[in-house]
Protein chains: 2
Amino acid sequence: MSVRRRQEDRRAATRRNLVAAARNLFAQKGYAATTTPEVVQAAGVTRGALYHHFADKAALFSAVVEEEHALLALTIHQAAEAGEDEPGPVKSLIRGGEGFLAAMQEEGRRRILIVDAPAVLGRARVDEIDARHGLHTLVEGVGTAIEAGAIKNLPLLPLAHLLSAMFDRAALAPAEDLGAYRKTIKALIRGLRT
Amino acid sequence: MSVRRRQEDRRAATRRNLVAAARNLFAQKGYAATTTPEVVQAAGVTRGALYHHFADKAALFSAVVEEEHALLALTIHQAAEAGEDEPGPVKSLIRGGEGFLAAMQEEGRRRILIVDAPAVLGRARVDEIDARHGLHTLVEGVGTAIEAGAIKNLPLLPLAHLLSAMFDRAALAPAEDLGAYRKTIKALIRGLRT
DNA sequence: ATTACAAACATACAGCTTGTCTGGATATTA
DNA sequence: TAATATCCAGACAAGCTGTATGTTTGTAAT
């Protein structure tokens, strides 16, 4: 191995710059309206660097989605640790949802993850990415709630997907309606109790 | 007015051809991968005609979405009339959902309405279109259920949006999972009963 | 240290796509 | 039938994507 750090660092740095610049532009203008010349100019490199690191524009977007998902999960996790732990699996589900909605308020995140990602990457790939991040913890939460007998015994993954869909839609709602959405989701989840 | 029908007919005919050809291609390859030369060739006209009838490619897609929404509503409506009318507002909601899921199985419809439309037209425009079609009847159904005291008194539009989001996600599920999704949605709606 | 090599990046290029513009065909009105 | 508006076809310019080639920078070996 020796001390070959410089090349590795250089590579990682430009890659980070590209992903960061792309994230901002995708968030502001959307995927289709963002051009690769714009991205590389914002990143301070040329298109040669972009196509050296990524197969195509969609691959760059995919990297942005992965990063955004990771940041989302991180934010939710931190909020969950900070909040007091009233136990109870149903309460946990609801609190997880609140954390998700709060974390989704980050500028541009909704457009990238909910609006553009399915169209650009395809539903299958988005499902796969989602399974590794947000949906994973949601499935766990629903699973323990079912095992504990706190909610009805329903098909695990479908239920998780349906809840996830509700949270996504709520995240897209205008900010002033968010309260009503939270209340309604709470009622829907409570309705699952045995 | 007199009998100026021929021009009107001609115009309507090429417009129909364009929308029909576009619908097929958008359904198969998605919006981004479909080119306007492809569309006009399939429609048997030239790009001149396309840009005479539509401002741009997105406007053509918008027309496709409108038509698809109308067909969707028609199919659901027919199914609803054919089915026996067990009364009860909650049953009605569930049956409406079944009709929606069945009508959504039409080839390409999911891609156009759920995957591509939000990215191409923007969330706001999709909401506006949806409000004039599917969501409209859903809001009515939920409204009467609430007025009848059959389900909890929750914010009308948010609840309708959340249910709509669930149905959309269920429609995207693999065909073999559809049964589990239907069952789960049924349980979620039943949980809303007072 | 110099040479040999590989990785990272810049520049140039070809093909395609979109939207506009101009001209001709067809229908309507006077 | 002349004038006019509508409908549509073909040509054009600008821009974007992906590739291919060249150049620099870092790494390894002798």
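In what follows, every chain begins at residue 1, and chains take the letters A, B, ... in the order their sequences are listed. The structure presented is a predicted model; accordingly, all values stated were derived computationally and were not measured.
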Protein-nucleotide distance ([X], atom [atom1]; [N], atom [atom2]), rounded to Å:
| X | N | atom1 | atom2 | answer |
| --- | --- | --- | --- | --- |
| A/Gln41 | D/dT17 | CD | P | 14 Å |
| B/Glu8 | C/dT28 | CD | P | 10 Å |
| A/Phe54 | D/dT17 | CZ | C1' | 16 Å |
| B/Lys57 | C/dC16 | NZ | C1' | 12 Å |
| B/Asp56 | C/dT20 | CG | P | 8 Å |
| B/Phe61 | C/dT18 | CZ | P | 14 Å |
| A/Tyr51 | D/dG18 | OH | C1' | 5 Å |

Which residues satisfy the salt bridge (charged side-chain N to carboxylate O under 4.0 Å, His left out) test with A/Glu67, sequence neighbours excluded?
->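 Expected list: none.
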Among all residues two or more places apart in sequence or in another chain, which pass the salt bridge (charged side-chain N to carboxylate O under 4.0 Å, His left out) test with B/Arg111?
->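 If we apply the salt bridge (charged side-chain N to carboxylate O under 4.0 Å, His left out) test to B/Arg111, skipping adjacent residues, there are no hits.
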Going by atom type alone, with no hydrogens or angles, which donor-acceptor pairs under 3.5 Å involve a side-chain atom of residues 154-174 of chain A and a protein atom two or more places apart or on another chain?
| residue | atom | partner | partner atom | Å |
| --- | --- | --- | --- | --- |
| A/His161 | ND1 | B/Arg169 | NH1 | 3.4 |
| A/Asp168 | OD2 | B/Arg169 | NH2 | 3.2 |
| A/Arg169 | NH1 | B/His161 | ND1 | 3.4 |
| A/Arg169 | NH2 | B/Asp168 | OD2 | 3.2 |

Give, ordered by number, those residues of residues 17-37 of chain B having at least one heavy-atom distance below 4.0 Å to an atom of DNA chain D; if nothing qualifies, reply none.
->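 Hits under 4.0 Å, by residue number: none.
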Below 3.5 Å, can you tabulate the donor-acceptor pairs from side chains in residues 96-109 of chain A to any protein atom, sequence neighbours excluded?
| residue | atom | partner | partner atom | Å |
| --- | --- | --- | --- | --- |
| A/Glu98 | OE1 | A/Arg182 | NE | 3.2 |
| A/Gln105 | OE1 | A/Arg110 | NH1 | 2.9 |
| A/Gln105 | NE2 | A/Leu101 | O | 3.1 |
| A/Arg109 | NE | A/Glu68 | OE2 | 2.7 |
| A/Arg109 | NH1 | A/Ala103 | O | 2.9 |
| A/Arg109 | NH2 | A/Glu68 | OE2 | 3.4 |

List the protein contact pattern of nucleotides 8-13 of chain D with one symbol per nucleotide (5' to 3'): B for base contact, S for sugar-phosphate-only contact, - for none; contact means a heavy-atom distance under 4.0 Å.
-> BBB---
Could you go through the side-chain contact (heavy atoms from CB on, under 4.5 Å) check for B/Phe61 and B/Thr34 one step at a time?
-> CA-CA 11 Å; B/Phe61 181 77; B/Thr34 300; over 6 Å; no
For A/Leu121 and A/Asp116, run side-chain contact (heavy atoms from CB on, under 4.5 Å): C-alpha distance rounded to whole Å, both residues' side-chain angles, the deciding distance at 0.1 Å, then the answer.
-> CA-CA 8 Å; A/Leu121 304 178; A/Asp116 278 350; over 6 Å; no
With under 30° as parallel and over 60° as perpendicular, where do the rings of A/Tyr31 and A/Phe26 fit, or are they tilted in between?
->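 Judged by the thresholds at 30° and 60°, the geometry between A/Tyr31 and A/Phe26 is tilted.
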Stepwise, does the side-chain contact (heavy atoms from CB on, under 4.5 Å) test hold for A/Leu113 with A/His69?
-> CA-CA 8 Å; A/Leu113 292 183; A/His69 253 299; 3.8 Å; yes
